[in-house]
Each structure stands twice: as C-alpha cells, then as structure tokens.
There are 2 protein chains.
Amino acid sequence: MTRWLDEEQQRAWRAFLDAQQVLQRGLEAQLHDEADMPHGYYELLVRLSEAPERRLRMAALAEAAVSSRSRLSHAVAQLEQRGWVRREACPDDRRGQVAVLTDDGYAALAAAAPGHVEAVRRLLVDRLTPEQLRQLRAISEAITRV
Amino acid sequence: MTRWLDEEQQRAWRAFLDAQQVLQRGLEAQLHDEADMPHGYYELLVRLSEAPERRLRMAALAEAAVSSRSRLSHAVAQLEQRGWVRREACPDDRRGQVAVLTDDGYAALAAAAPGHVEAVRRLLVDRLTPEQLRQLRAISEAITRV
DNA sequence: CCGGAATGGTTGAACACTCAACATCCTTGT
DNA sequence: ACAAGGATGTTGAGTGTTCAACCATTCCGG
C-alpha cells in the first residue's frame, strides 16, 4: 500500500537531509562562537529590526520567524534578560504584547551580521550558481506554499 | 567590507530558511505523533537497518547520520533504554563500541516507516517536479561537498 | 620501545525546544 | 447582554542537543 520512494527520490531526499544538517550545524556553530546566540535568536532580531519602529506583536513575530508561540515566549524572555528586547503592552488589545528591539539589541545584531552573512556565503550562496539559487528559491516556495 | 547578499540572494536564503523550518517541524511532528520518536532517532534506526548485520561502529554511525559523537552517545543510550539498540564491545579495538539494531528496533522502524514516507511525500516530494527533485539533489550535494 | 599526540567514546551541566495546560481577553451569535 | 467559543500569550515539565572536560586506547616519530 505504501508508496515508497524510488531510487531517484530516495537519493534526493537523503542528500537534502545531509545538506540540511551540515548547513544548520555550521550556522549554529558560527553564531554561537562569534556572537554567542543561537540561530533562532538571530532570526528574531532580524525580523524585529526590519519591522516599522522595530516592534512587532508577538503573534506577528512568531509568524515572521516561523516559530511557535511557545518557543517565541521563551526566546523573548531570554532576549529580554539580555537587554536586547523589551516587552510592552499592546494598546488596542489587552491580551497583546509587543516585542521591541532595544538599541543594545540592534547593536548586537549589527555586530553579529557580518560574520553570519559570511557564513551563509561560505556554506551556501558561494557554493551554488545563480541559477541554482533561483531553483532553490522556487523549491523552497513550493514547500512553504499552503 | 562585508559582502552583503543582494536582493535575489536574500530572497532565496529567506525562502530556504522558512522552508527548512516548515519541513523539519512537519516531519518531527509526524514522527512524534505516530511513532513517538524524534527524527534523529529514526535516522539512526534507518542507517543501522541498512548496515551489514544491522551493526555499525559508533563513529561510523555518527558519520552516516551526520551526527556529533556526543549526540550519538546520548541518543544510543536512549535507544538502548527502549530496547531498540544494544551496544557491544568492538573485538579489534578495545576503545570501540558497536551499535546493533535489535529485532524490536527493526520492528519499531518498520512500523514507523510508512507514515514517515507518506509525510516526506506530502511535505516535499509530491510538491516538486521530478526536475526540481534532481535540482535539489545537486544543490544538496554542492552544500555537502567538502 | 617509549612518550606524546591523536582517536574513540562517554559524561554532566547548560541550554533550547516541544507539548499540554492554563489564564486572560476578545468576538460572535442569539 | 451574555454565554460559548476563539485568540493571545505564558508557564512548567520533559526531552533532546551542545559544549567542554574527561578517561581509555591506539598510533606514530625518534
């Protein structure tokens, strides 16, 4: 009954799994070593830094960073601890919380970014042709598409 | 000084990040729900099941599963706890340990496999054209290539 | 053949993520 | 107006991963 993967599909899947591991491990290690933050936190800082006034509702931030609510809660608590983010009450919804990137948080992001971008290049971008990068985008969007 | 990513690269990178998250989350959830094991454990069982006599040196298993030694040690301890794997001393190297897949372990893998493969199809394979799957493989191999 | 370096593997602490349960607040239908 | 259901965000326990330190064994150059 099960539609197993054929040889071709199997190979592609395995190759992808391995690549994903290598990539993720590499990025995580670089950020940990040079900026002392996990990749997930970096993503949060990025999304916040790009938001108007550097602030976002928790739910919006969670969606932007493809994160669960729970994960975000824990992460923001940690970021607040470090002084990189602060929480504010949401004016028009008393349930709501708004995460705001502090100046220190922005500085931490700015300090981490060059090394991180270099790692992204070294591990991914510079290894692919422009054509492959376009393909990767199309593939990724097919995966994400609802 | 920093060679930032251009618009095109940025988009591809972000799309890939999102897709990776979605995929990983989906697979993890499926295996957790239907087979009560993390994806990493599943991978270990797969690699063991494909090895001659269903046994591998720890180091070899770590490499096959793209895992760190430490992670593997902890994971195998847990798998041993569940009775899915057992450790044996390595005859020709007194430092060595060999991980052996038990019958229970094989049964657990066989039970989990159909649901997992279906998830891989639903989340990845069936969303891509055969051509895209070939591209993904080439891209993945470019990332993994030393 | 010996001493230092490399390899194999484990351990414990610190940390991040997951899930389920929960409290609070908003919304909707009647 | 109000009850029921939905949404928002947090919490704590459980679990997996990482990192650094460690012991044991094997390898290798002099």
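Remember, it's a predicted structure, so these values are computed and weren't measured experimentally.
Salt bridge status for A:Arg57 with A:Asp93: present, with a side-chain N to carboxylate O gap under 4.0 Å. At a threshold of 4.0 Å, the pair B:Arg82-B:Glu80 does not count as salt-bridged, since none of the basic side-chain nitrogens sits closer than that to a carboxylate oxygen. Look at B:Asp6 and B:Arg11 and you find no salt bridge, because none of the NZ, NE, NH1 or NH2 atoms lies under 4.0 Å from a carboxylate O.
Between the CD atom of B:Gln24 and the P atom of C:dC17 there is a distance of 11 Å, given to the nearest Å. Here the P atom of nucleotide D:dC19 and the CZ atom of B:Arg71 are 11 Å apart, to the nearest Å. We find that CD of A:Glu63 is positioned 13 Å from P of D:dA7, with the value rounded to whole Å. The distance between atom CZ of B:Arg57 and atom P of D:dT26, rounded to the nearest whole Å, is 10 Å. Note: CG (B:Leu72) to P (D:dC19) measures 16 Å, nearest angstrom. The CG atom of B:Leu56 sits 11 Å away from the P atom of C:dG9 (whole-angstrom rounding). For the pair A:Met58 CE and C:dC26 C1', the computed distance is 18 Å after rounding to whole Å. Between B:Glu43 atom CD and D:dG16 atom P the separation is 16 Å, expressed in whole Å.
For the segment residues 84-97 of chain B, the set of residues with a heavy atom within less than 4.0 Å of an atom of DNA chain D comprises B:Asp93, B:Arg94, B:Arg95, in numerical order.
Between the side chain of B:Ser70 and the base of C:dT11, at least one donor-acceptor pair of N or O atoms lies under 3.5 Å. Evaluation of atom-type donor-acceptor distances gives a pair under 3.5 Å for the side chain of A:His74 against the base of C:dT18.
Contact check, B:Tyr41 against D:dT15: no side-chain N or O comes under 4.0 Å of OP1 or OP2.
Between A:Ala59 and A:Arg25, the residue whose closest nucleotide on DNA chain D is further toward the 5' end is A:Ala59. When the nearest nucleotides of DNA chain C are assigned to A:Gln78 and B:Ala60 by heavy-atom distance, the more 5′-ward of the two goes with B:Ala60.
Crowding of B:Asp103 atom CG: a count of heavy atoms from other residues, nucleotides or ligands under 6.0 Å not exceeding 12.
In this structure, the side chains of B:Arg134 and B:Gln132 stay at 4.5 Å or more apart for every pair of heavy atoms. In this structure, the side chains of A:Arg14 and B:Val46 come closer than 4.5 Å at one or more pairs of heavy atoms.
Taking the centre of each ring, A:His116 and A:His39 come in below the 6.0 Å mark.
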